[in-house]
Amino acid sequence: MNIAGNLARILQQLPPTTTLVAVTKNRALSEIEQLYQSGYKQFGENRVQDLVAKYNHLPKDIQWHLIGHLQTNKVKYITPFIHLIHSVDSLKLLQTIDKEAQKNQRVIACLLQFHVAKEETKFGLDWEEAIQLLRSSEYAGLTHVRLVGIMGMASNTDNQSQIAKEFQTLHRYFSDLKKEYFLHDAGFKEISMGMSSDYLLAVENGSTLVRVGSALFA
Ligand SMILES: *Cc1c(COP(=O)(O)O)cnc(C)c1O
């Protein structure tokens, strides 16, 4: 395993407008420390319990991303320190994040997660649900969350054109939301899509945040 070499190669493939989220899930602290010592500080975890444990053990200048499903009863464990929550898939969750952020005197950046994959099991909103959320009076009243973009996962398939189609759908969702709801909000600019197997395809389709794990630790 050559973590520093993998990191350098992946960073070199990304345009300046795309940020790498180094996915550290299922990785030992010693491996993550190697990554940190290579100078990288944007890490992602998909489970709250693991995220909190790693936060506690590692240097505090790491920016932590939550990339997996978030249950409302676990929000409070990450609100003191989380950098970006990629996986907002309901108004109720966003309201809970807002409430907990307020207690911590923070404004927490979030992405709306969309479901574009074929698998039934993947979390996320569809277009109608997202519009309903954004038009609600409850959303309008939130003061301690800031939507900065969208996130999605492509189908788990080898079919590149299927994956590209799903990334294009995400890109269109982003552009349409930007036009309708965030035109004068320069902060709404992120499209989180692409993993180890498809991040280059995601970049071609406008990804600004790629979430890469296994390719980094290979
Ligand atoms: C695990 C995970 C990734 C990274 O997957 P790799 O294939 O290891 O790069 C990206 N996004 C989410 C939501 C994940 O759970």
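Atom set for the values below is all heavy atoms of this structure, side chains included, hydrogens, waters and symmetry mates excluded. Order of appearance sets the numbers: ligands from 1, and atoms from 1 within every ligand.
Of all the atoms in ligand 1, the ones that sit under 4.0 Å from a non-hydrogen atom of S196 are 6 (P), 7 (O), 8 (O), 9 (O). Close approach of ligand 1 to S214 is summarised as follows: ligand atoms under 4.0 Å from at least one heavy atom of the residue are 6 (P), 7 (O), 8 (O), 9 (O). Of all atoms in ligand 1, listed by their number and element, those nearer than 4.0 Å to a heavy atom of V212 are 9 (O).
The closest side-chain heavy-atom distance from T24 to W64 is below 4.5 Å.
By the 3.5 Å distance cut-off applied to N or O atoms, G213 is counted among the residues near ligand 1.
By the 6.0 Å and 45° rule, K179 does not stack over the aromatic ring of F174.
Minimum heavy-atom separation, G213 to S196: N-OG, 3.5 Å.
The proximity of K25 to ligand 1, defined as any non-hydrogen pair under 4.0 Å, is limited to the side chain.
No hydrogens or angles considered: a donor-acceptor pair under 3.5 Å links the side chains of D61 and Y36.
In terms of protein heavy atoms, atom 4 (C) of ligand 1 is closest to R211 O, 3.5 Å. Nearest protein neighbour of atom 5 (O) of ligand 1, counting heavy atoms only, is M195 CE, 3.5 Å. Scanning all protein heavy atoms for the shortest distance to atom 13 (C) of ligand 1 gives I67 O, 3.4 Å.
Aromatic rings of Y181 and F188 (six-membered ring for Trp) have centroids beyond the 6.0 Å cut-off, not under it.
Between the side chain of T79 and the backbone N or O of A101, no donor-acceptor pair lies under 3.5 Å.
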